[in-house]
Participant: 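Shown below is the structure under consideration.
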Amino acid sequence: MSEEKTIQPSDAWFTLSGDVNSDMVHRVFEAVSGMSENGVETAHVLIQSNGGYVSDGLCLYNFLSNSPIKFVMYNAGAVASIAVILFLSGTRRYASETARFMVHKSHATAAPGARPDALNIIVEGLRADDARTESILRKHIELLPEQWAIHQYSDLHLTARDAKIARMINDVADFAPPKGAHIRNI
């Protein structure tokens with residue numbers, strides 16, 4: 001008996017890599033428009049990103065989470081920073097055995113000689129970003145108290161096995177399109 005996957009006509013396979021920024025937002029908007037026009041019901045998306053801009057990641061999370069298309073997300077290498085929030089928009093999520101995730105609080109660099117009122121604006125913006133991203137993390141994953149403590153002050157790294165325990169992924173599995181599938185890059 002063959003365990004080879006069969007292609008469902010309503011499934012499509014994609015790769016998405018690079019910085020989470022306005023260019024990625026535009027590419028995803030265009031791709032989802034095409035998916036909708038082509039009758040895609042389930043989009044399998046391999047994400048490779050070390051992060052980027054919080055607002056762009058939140059936009060993609062909200063857009064994909066509310067799309068009529070079901071997204072299945074995969075991590076075959078690294079999904080870090082705000083890209084984790086993008087990854088969490090998937091209704092099912094998988095990671096290769098050697099993949100890793102990294103989450104952390106927001107950060108910014110002030111201009112040299114910045115005045116206290118300008119610094120206060122930066123701090124308030126970072127706190128708002130952290131509140132938005134943490135609410136999404138808490139909605140989707142279950143970290144141990146010691147992991148939340150690390151996240152509070154440092155980068156929290158998770159292997160695929162750690163991510164499964166935290167319910168960030170459904171299982172440890174590779175992005176493996178069926179033979180003959182057309183793989184599109186977003």
Participant: May I ask you to check whether Phe101 and Phe87 place their ring centres under 6.0 Å from each other?
Facilitator: yes
Participant: Do Leu143 and Leu158 make a side-chain contact, defined as non-hydrogen atoms from C-beta onward lying under 4.5 Å apart?
Facilitator: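 Touching, per the 4.5 Å side-chain cut-off.
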Participant: Can you check whether Val40 reaches Asp11 side chain to side chain, under 4.5 Å on heavy atoms?
Facilitator: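 Val40 vs Asp11: side chains apart.
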Participant: Which residue in the set Ile186, Asp23, Val20 passes side-chain contact (heavy atoms from CB on, under 4.5 Å) when paired with Val28?
Facilitator: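 The residue from Ile186, Asp23, Val20 that satisfies side-chain contact (heavy atoms from CB on, under 4.5 Å) with Val28 turns out to be Ile186.
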Participant: Output yes when a side-chain donor or acceptor of Asp19 lies under 3.5 Å from a complementary backbone atom of Asn21, and no otherwise.
Facilitator: no
Participant: Give the cluster check for Met102 versus Leu156: same hydrophobic cluster or not, with ILVMFWY residues linked at side-chain heavy-atom distances below 4.5 Å.
Facilitator: no
Participant: If only atom types and distance count, is the side chain of Ser135 paired as donor or acceptor with the main-chain N or O of Arg132 below 3.5 Å?
Facilitator: yes
Participant: Linking I/L/V/M/F/W/Y whenever any side-chain heavy atoms sit under 4.5 Å apart, do Tyr53 and Phe29 land together?
Facilitator: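 Per the 4.5 Å side-chain linkage, Tyr53 and Phe29 are not co-clustered.
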Participant: Are Arg100 and Thr159 side-chain neighbours, meaning at least one heavy-atom pair lies under 4.5 Å?
Facilitator: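 Arg100 vs Thr159: side chains apart.
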Participant: Do Glu30 and Met35 come within less than 4.5 Å of each other through their side chains, counting heavy atoms only?
Facilitator: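 In short, these two side chains do not touch, never coming nearer than 4.5 Å.
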Participant: Are more than 12 heavy atoms from other residues, nucleotides or ligands located less than 6.0 Å from atom CZ of Arg27?
Facilitator: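 Above 12, so yes.
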Participant: Taking atom types as modelled, find out whether Ser81 and His104 have a side-chain donor-acceptor pair closer than 3.5 angstrom.
Facilitator: yes
Participant: Is a side-chain donor-acceptor pair under 3.5 Å present for Ser65 with Asn62?
Facilitator: no
Participant: Would Val123 and Ile121 show up in the same hydrophobic cluster when neighbours are defined by side-chain heavy atoms closer than 4.5 Å?
Facilitator: no
Participant: Kindly give the heavy-atom pair with the smallest separation between Leu88 and Leu137, and that separation in Å.
Facilitator: CD1-CD2, 3.9 Å
Participant: Identify the two heavy atoms, one from Ser49 and one from Gly18, that lie closest to each other, and give their separation to 0.1 Å.
Facilitator: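 For Ser49 and Gly18, the tightest heavy-atom pair comes out as OG-O, 2.7 Å.
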Participant: Check the pair Tyr94, Phe175 against ring-ring contact (aromatic ring centres under 6.0 Å, His included), reporting the backbone distance first and the verdict last.
Facilitator: CA-CA 8 Å; Tyr94 301 95; Phe175 179 77; over 10 Å; no
Participant: From Ser89 OG over to Ile136 CD1, what is the distance, rounded to the nearest 0.5 angstrom?
Facilitator: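 Reported to 0.5 Å precision, the distance equals 9.5 Å.
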Participant: Would you kindly confirm whether Tyr61 and Phe63 end up in one hydrophobic cluster when ILVMFWY residues are joined by side chain heavy atoms under 4.5 Å apart?
Facilitator: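 Cluster IDs for Tyr61 and Phe63 match.
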Participant: Would you check if the side chain of Thr91 reaches a backbone N or O of Lys70 as a donor-acceptor pair within less than 3.5 Å?
Facilitator: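 Checking the backbone N and O of Lys70 against the side chain of Thr91, no donor-acceptor pair under 3.5 Å is found.
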Participant: Using modelled atom types only, decide if a donor and an acceptor are shared between the side chain of Ser96 and the backbone of Ala99 within a distance under 3.5 Å.
Facilitator: no
Participant: Which value, rounded to the nearest 0.5 Å, describes the distance between Leu86 atom CG and Leu58 atom CG?
Facilitator: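 Reported value, rounded in 0.5 Å steps: 10.5 Å.
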Participant: Could you go through the side chain to side chain contact (heavy atoms under 4.5 Å, CB included) check for Ile183 and Thr15 one step at a time?
Facilitator: CA-CA 7 Å; Ile183 304 168; Thr15 57; 4.1 Å; yes
Participant: Indicate if Val25 and Leu64 have the same hydrophobic cluster label, given that clusters are the connected sets of ILVMFWY residues with side-chain heavy-atom separations under 4.5 angstrom.
Facilitator: yes
Participant: Could you go through the side chain to side chain contact (heavy atoms under 4.5 Å, CB included) check for Arg161 and Glu97 one step at a time?
Facilitator: CA-CA 7 Å; Arg161 297 283 170 197; Glu97 180 69 40; 2.6 Å; yes
Participant: With rounding to the nearest 0.5 angstrom, report the CD1 to CG distance, Ile47 to Leu16.
Facilitator: 5.5 Å
Participant: State, yes or no, whether a side-chain contact exists between His182 and Trp13 at a heavy-atom distance under 4.5 Å.
Facilitator: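 Side chain of His182 against side chain of Trp13, heavy atoms only: no contact under 4.5 Å found.
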Participant: For Gln48 and Ala78, indicate whether the former's side chain and the latter's backbone hold a donor-acceptor pair under 3.5 Å.
Facilitator: yes
Participant: Flag the pair Asp56 / Ile82 as yes when at least one side-chain heavy-atom distance between them is below 4.5 Å, and no otherwise.
Facilitator: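 Side chain of Asp56 against side chain of Ile82, heavy atoms only: no contact under 4.5 Å found.
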Participant: Donor-acceptor check, side chain of Asn120 to backbone of Asp117, threshold 3.5 angstrom: yes or no?
Facilitator: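 Not a single qualifying donor-acceptor pair exists.
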Participant: Within the 4.5 Å heavy-atom criterion, are Leu46 and Asn75 side-chain neighbours or not?
Facilitator: no
Participant: Under the criterion side chain to side chain contact (heavy atoms under 4.5 Å, CB included), I'd like the reasoning laid out for His44 against Thr42: C-alpha separation, chi angles, the key distance, then a yes or no.
Facilitator: CA-CA 7 Å; His44 299 264; Thr42 303; 3.7 Å; yes
Participant: Under the 3.5 angstrom rule, does the side chain of Arg93 hit a backbone N or O of Gly90 as a donor-acceptor pair?
Facilitator: yes
Participant: So Asp130 and Val54, do their side chains get closer than 4.5 Å, heavy atoms only?
Facilitator: no
Participant: Could you grab the distance from atom CZ of Arg92 to atom CD1 of Ile169, nearest 0.5 Å is fine?
Facilitator: 13.5 Å
